[in-house]
Colleague: 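Structure in structure tokens, see below.
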2 protein chains.
Amino acid sequence: MIVKKDLPACPVATTVGLIGNKWKLLILRDVLGGAKRFGELHKSLEGISQKVLTDNLRSMEEDGLLTRTVFPEVPPRVEYSLSRLGDSMRPIIKNMEEWGLKYKELAAKATQE
Amino acid sequence: MIVKKDLPACPVATTVGLIGNKWKLLILRDVLGGAKRFGELHKSLEGISQKVLTDNLRSMEEDGLLTRTVFPEVPPRVEYSLSRLGDSMRPIIKNMEEWGLKYKELAAKATQE
DNA sequence: CGGGATCCATTGCGATACTG
DNA sequence: CAGTATCGCAATGGATCCCG
């Protein structure tokens with residue numbers, strides 16, 4: 001599902017409009033590994049406040065990147081998982097992961113000198 | 001050149017720390033096409049203020065992603081180009097571009113229905 | 001447990017003016 | 001041209017309380 005926003009002319013800007021934000025990228029990273037509960041995300045994303053996490057999750061849900069599933073239990077359980085659209089971002093995160101790994105190798109070398 | 005910051009354990013977080021920001025990603029996009037002058041970037045990045053552009057350029061320079069070259073002319077000319085480290089981010093931006101293109105196709109289809 | 005609602009401090013950022 | 005400096009507002013985000 002795609003919700004209309006004004007799409008910028010540049011495709012990169014389009015993508016950046018959806019995930020050009022620290023937390024969204026990290027949320028994506030977490031959810032790539034499978035559905036996550038609110039509390040799990042909150043723990044994993046160190047430093048994020050409940051409010052900001054909620055805001056980002058809502059936004060990503062609106063944009064069709066995430067699927068929110070409520071399990072009618074007591075206590076309530078809510079899971080966030082990747083939609084098909086969200087899953088199509090996997091290569092982007094994968095690239096960032098690979099880049100980060102290489103960067104850390106470089107940083108390690110630079111340190112030992 | 002790599003400047004030390006505290007590197008997070010997660011490689012994705014490492015990358016996000018350097019470019020997990022709307023403007024930096026768009027600056028990267030612009031500079032991928034070759035060296036750009038300050039004014040060119042300012043025009044291309046619609047909506048950015050001079051201050052924020054300067055701040056981001058400085059930050060990216062500190063992080064070793066960009067190279068800043070001053071030409072001792074009158075009027076002064078300053079060019080920003082990709083360092084080797086910055087250039088290694090090309091695949092990430094490329095992915096985002098491809099994703100944006102596909103997304104726009106989807107959006108177009110959804111509209112015509 | 002997973003939020004919604006408030007209130008408030010902090011900051012980000014735009015606008016403007018000035019300079020080498 | 002490519003900045004730096006300053007000011008002041010608006011928005012972001014943190015903390016807290018409450019609820020289904």
Side-chain angles (χ1 to χ4, degrees), chain A residues 5-6 8 13 16-28 30-31 33-83 86, chain B residues 5 8 13 16-28 30-31 33-63 65-83 86:
Chain A
K5 296 188 175 181
D6 308 317
V16 167
L18 296 181
I19 55 165
N21 154 312
K22 171 182 175 182
W23 294 121
K24 289 187 181 180
L25 287 164
L26 295 179
I27 290 171
L28 226 47
D30 281 4
V31 179
K36 293 281 178 300
R37 300 184 56 165
F38 184 88
E40 288 182 281
L41 292 171
H42 195 196
K43 239 180 304 173
S44 168
L45 305 170
E46 288 179 48
I48 197 172
S49 72
Q50 198 178 47
K51 183 189 177 189
V52 174
L53 176 53
T54 304
D55 289 349
N56 278 283
L57 289 172
R58 290 288 172 279
S59 165
M60 295 174 74
E61 198 191 345
E62 274 181 39
D63 291 336
L65 298 176
L66 293 184
T67 305
R68 180 170 180 269
T69 311
V70 182
F71 295 86
E73 310 170 356
V74 179
R77 192 171 106 227
V78 178
E79 282 191 357
Y80 295 89
S81 56
L82 282 178
S83 67
Chain B
K5 298 188 174 182
V16 167
L18 296 181
I19 55 163
N21 155 311
K22 173 183 176 182
W23 294 120
K24 290 187 181 178
L25 287 163
L26 295 180
I27 289 171
L28 226 45
D30 281 2
V31 180
K36 292 281 177 300
R37 300 183 57 163
F38 184 88
E40 290 181 281
L41 292 171
H42 195 195
K43 239 181 304 173
S44 167
L45 304 170
E46 289 180 47
I48 197 172
S49 71
Q50 200 178 44
K51 183 189 177 193
V52 174
L53 176 54
T54 303
D55 290 349
N56 278 283
L57 289 172
R58 290 287 173 279
S59 166
M60 294 173 75
E61 198 191 344
E62 275 182 39
D63 291 337
L65 299 176
L66 293 185
T67 306
R68 180 170 180 269
T69 312
V70 181
F71 296 85
E73 310 171 356
V74 179
R77 191 170 107 226
V78 178
E79 283 190 356
Y80 295 89
S81 57
L82 282 178
S83 67

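Here is how names work: the chains are called A, B, and so on, in the same order as the sequence lines, proteins then strands, and each is numbered from 1. Quick caveat, the model's predicted, so the values are computed rather than measured.
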Colleague: Let me know the distance between NZ of Lys36(B) and C1' of dG3(D), rounded to the nearest Å.
Modeller: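 After rounding, the gap between these two atoms is 20 Å.
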Colleague: Between Lys36(B) and Ser44(B), is there a side-chain donor-acceptor contact under 3.5 Å, judged purely by atom types and distance?
Modeller: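 Lys36(B) and Ser44(B) do not have a side-chain donor-acceptor pair below 3.5 Å.
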Colleague: Figure out the CG/C1' separation between Asp55(A) and dG13(D), and round it to whole Å.
Modeller: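 Answer to the nearest Å: 9 Å.
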Colleague: Less than 4.5 Å apart, side chain to side chain, heavy atoms only: is that true for Ile27(A) and Tyr80(A)?
Modeller: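 A side-chain contact is absent here, since even the closest heavy-atom pair is not under 4.5 Å.
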Colleague: Kindly compute the distance separating CG (Asp63(A)) from CD (Glu61(A)), expressed to the nearest 0.5 Å.
Modeller: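 Atom-to-atom, Asp63(A):CG and Glu61(A):CD are 10.0 Å apart.
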Colleague: What is the 5' to 3' range of DNA chain C, first to last nucleotide, that sits under 4.0 Å from any heavy atom of chain A?
Modeller: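 So the outermost contacting nucleotides come out as dC1(C) to dG4(C).
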Colleague: Look at atom CD of Glu73(B) and say whether more than 12 heavy atoms of other residues, nucleotides or ligands are closer to it than 6.0 Å.
Modeller: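 Correct, the count exceeds 12.
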Colleague: For the pair made of CZ in Arg68(B) and C1' in dT4(D), what is the distance, rounded to whole Å?
Modeller: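 After rounding, the reported distance stands at 12 Å.
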Colleague: Where is the tightest heavy-atom contact between Leu82(B) and Val31(B), given as atom of each residue plus distance?
Modeller: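 That would be N-CG1, 3.5 Å.
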Colleague: Categorize Gln50(A) for me: base, sugar-phosphate, or nothing, with a 4.0 angstrom heavy-atom threshold over every strand shown.
Modeller: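 The residue Gln50(A) makes base contact.
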Colleague: Nearest-Å distance, CG (Leu41(B)) to C1' (dG3(D))?
Modeller: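 Atom CG in Leu41(B) sits about 14 Å away from atom C1' in dG3(D).
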Colleague: Glu79(B) CD to dG3(D) P: how many Å, rounded?
Modeller: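 For the pair Glu79(B) CD and dG3(D) P, the rounded distance is 12 Å.
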Colleague: For a quick check of understanding: with a heavy-atom distance under 4.0 Å over all strands, which category does Tyr80(B) fall into, base, sugar-phosphate or nothing?
Modeller: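 Touches sugar-phosphate only.
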Colleague: Could you tell me how far apart Glu46(A) (CD) and dG14(D) (P) are, to the nearest whole angstrom?
Modeller: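 Glu46(A) atom CD is separated from dG14(D) atom P by 14 Å.
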Colleague: Nearest nucleotide by nearest heavy atom, which residue falls closer to the 5' end of DNA chain D, Lys51(A) or Glu40(B)?
Modeller: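 So the residue in question is Glu40(B).
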Colleague: Quick check on dA2(D): is either OP1 or OP2 less than 4.0 Å from any side-chain nitrogen or oxygen of Arg37(B)?
Modeller: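 Yes, because at least one side-chain N or O of Arg37(B) sits under 4.0 Å from OP1 or OP2 of dA2(D).
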Colleague: Rounded to whole Å, how long is the line connecting atom NE2 of His42(B) with atom P of dA2(D)?
Modeller: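 Distance check: His42(B) NE2 to dA2(D) P gives 11 Å.
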Colleague: Which distance, rounded to the nearest 0.5 Å, do you find between the CZ of Phe38(A) and the CG of Leu53(A)?
Modeller: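 Taking CZ in Phe38(A) and CG in Leu53(A), the distance rounds to 4.0 Å.
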Colleague: Calculate the interatomic distance between Leu53(B) atom CG and dG3(D) atom C1'; express it in whole Å.
Modeller: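 One finds 10 Å between C1' of dG3(D) and CG of Leu53(B), rounded.
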Colleague: Nearest 0.5 angstrom please: Met60(A) CE to Asp55(A) CG, how far?
Modeller: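 With rounding to 0.5 Å, CE (Met60(A)) is 13.0 Å from CG (Asp55(A)).
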